[in-house]
Amino acid sequence: MSDFIYLASQSPRRRQLLEQIGVCHELLLPNTAGDQAEDAEAIELALPGEAPRDYVQRVTGLKLDAAVARHARRGLPPAAILCSDTTVALGARILGKPEDEADAARILALLAGQEHEVLTAVALQQGAQRFTALSVSRVRFAPMTRAQIDAYVATGEPMGKAGAYGIQGAAAAHVAHLEGSYTGIMGLPLFETAGLLCQAGWPL
């Protein structure tokens with residue numbers, strides 16, 4: 001058993017969360033000429049009529065497939081590979097990352113005063129074995145004025161985040177209620193992740 005795992009994610013929040021539970025890790029990101037065939041945007045496209053839970057688990061699996069291939073291509077030392085993906089769902093509607101500030105404001109206007117789900121899938125590859133988990137949390141935003149939405153968008157926080165917000169930032173001021181995993185809403189549910197690591201034999 002290696003004394004570290006590979007994290008196939010560019011999210012600094014996921015790195016911080018792994019550090020929080022004492023898991024040593026190295027990043028496994030597409031950053032070489034051999035990785036140019038990887039199309040992250042294509043992987044994240046939803047299929048017609050796809051349910052949010054099916055979507056986030058499928059995308060996580062595809063991202064882990066790409067990371068496993070990347071690891072083999074580079075001839076790196078063996079270790080478990082962890083991948084995670086988060087999406088926000090308003091009913092059956094998937095709310096991904098905003099394209100620009102106007103799109104972020106549109107998404108936040110949809111969420112304001114409503115309850116939505118935050119779905120985070122986690123997948124861990126240990127040799128030939130794959131372990132998976134899904135965290136489902138519910139978040140209710142208080143009603144927001146247009147001025148409040150514009151002020152939050154101006155912070156830049158919504159960009160690059162599913163549902164156009166990060167609960168660990170200024171958006172927390174508008175969260176009236178949440179049920180589920182706070183770390184799952186951040187992007188890596190630690191309870192589920194720890195469970196997968198234990199299944200793979202990682203000493204936590």
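For reference, positions follow the sequence shown, starting with 1.
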Review point. Would you call Ile5 and Leu197 a side-chain contact if the rule is heavy atoms closer than 4.5 Å?
Key: yes

Review point. Taking a hydrophobic cluster as the set of Ile, Leu, Val, Met, Phe, Trp and Tyr residues connected by side-chain heavy atoms closer than 4.5 Å, whether directly or through intermediates, do Leu28 and Leu62 fall within one such cluster?
Key: no

Point to revise | Test log, rule side chain to side chain contact (heavy atoms under 4.5 Å, CB included), inputs Leu124 and Thr193 | key: CA-CA 9 Å; Leu124 180 74; Thr193 300; over 6 Å; no

Check your understanding: Thr120 side chain to Ser135 main-chain N or O, any donor-acceptor pair under 3.5 Å?
Key -> no

Practice item. Flag the pair His177 / Phe141 as yes when their ring centroid distance falls below 6.0 Å, and as no otherwise. Key: no

Review point. Are side-chain heavy atoms of Leu47 and Arg58 found at a separation under 4.5 Å?
Key: yes

Review point. Is it true that Asp85 and Arg14 have a side-chain N and a carboxylate O under 4.0 angstrom from each other?
Key: no

Point to revise | Shortest non-hydrogen contact from Ile107 toward Gly163 | key: CG2-O, 3.4 Å

Check your understanding: Got Gln148 and His174 here, is their nearest side-chain heavy-atom distance under 4.5 Å?
Key -> yes

Point to revise | Atom of Thr60, atom of Ala121 and distance for their closest heavy-atom approach | key: OG1-CB, 3.3 Å

Revision key, fill the gap. Ala104 and Met159 have their tightest heavy-atom pair at CB-SD, 4.3 Å

Point to revise | Distance, nearest 0.5 Å, that separates OG of Ser9 from CG of Leu29 | key: 7.5 Å

Practice item. Assess the side chains of Tyr165 and Glu157: does a donor N or O sit below 3.5 Å from an acceptor N or O? Key: no

Review point. Going through the distances and angles, do Arg93 and Leu95 end up as a side chain to side chain contact (heavy atoms under 4.5 Å, CB included)?
Key: CA-CA 6 Å; Arg93 186 174 184 177; Leu95 300 177; 4.1 Å; yes

**Study point:** Side chain to side chain, Tyr55 and Leu119, heavy atoms closer than 4.5 Å
**Key:** no

Exercise for review: State, yes or no, whether a side-chain contact exists between Glu26 and Leu7 at a heavy-atom distance under 4.5 Å.
Suggested key: no

Point to revise | Candidate list Arg70, Arg130, Gln125, test side-chain hydrogen bond (donor to acceptor under 3.5 Å, both in side chains), partner Asp65, passing option | key: Arg130

Review point. Is the shortest heavy-atom distance from the side chain of Leu134 to the side chain of Val136 under 4.5 Å?
Key: yes

**Study point:** Gln129 side chain vs Gln126 backbone, donor-acceptor pair below 3.5 Å
**Key:** no

**Study point:** Nearest atoms (heavy-atom pairs only) where Tyr152 meets Ala164
**Key:** CE2-O, 3.5 Å

**Study point:** salt_bridge(Glu44, Lys97) N-O dist < 4.0 Å
**Key:** yes

Check your understanding: When rounded to the nearest 0.5 angstrom, what distance separates CG in Leu190 from CD1 in Ile21?
Key -> 5.0 Å

Review point. Within a strict 4.5 Å, meaning less than it, do heavy atoms of the Glu115 and Val139 side chains meet?
Key: no

Point to revise | Thr86 side, atom OG1; Arg13 side, atom CZ - distance, nearest 0.5 Å | key: 8.5 Å

Check your understanding: How far does CD1 of Ile81 sit from NE2 of His25, to the nearest 0.5 angstrom?
Key -> 14.5 Å

Exercise for review: Can you measure from CZ (Arg146) to CE (Met144) and round to the nearest 0.5 angstrom?
Suggested key: 10.5 Å

Practice item. Would you check, one step at a time, whether the test side chain to side chain contact (heavy atoms under 4.5 Å, CB included) holds for Val122 with Leu82? Key: CA-CA 7 Å; Val122 187; Leu82 179 71; 3.5 Å; yes

Practice item. Carefully, step by step, assess Gln114 and Leu110 under the rule side chain to side chain contact (heavy atoms under 4.5 Å, CB included). Key: CA-CA 8 Å; Gln114 302 294 323; Leu110 289 173; over 6 Å; no

Study note, to complete from the structure: Closest non-hydrogen contact found for Ala8 with Cys83 is O-SG, 4.0 Å

Check your understanding: Quick one: CE on Met186 to OG on Ser181, what's the gap to the nearest 0.5 Å?
Key -> 10.0 Å

Study note, to complete from the structure: Smallest heavy-atom separation, Gly91 atom then Pro52 atom, equals O-CG, 4.1 Å

Check your understanding: Is the closest side-chain heavy-atom distance between Gln57 and Thr132 below 4.5 Å?
Key -> no

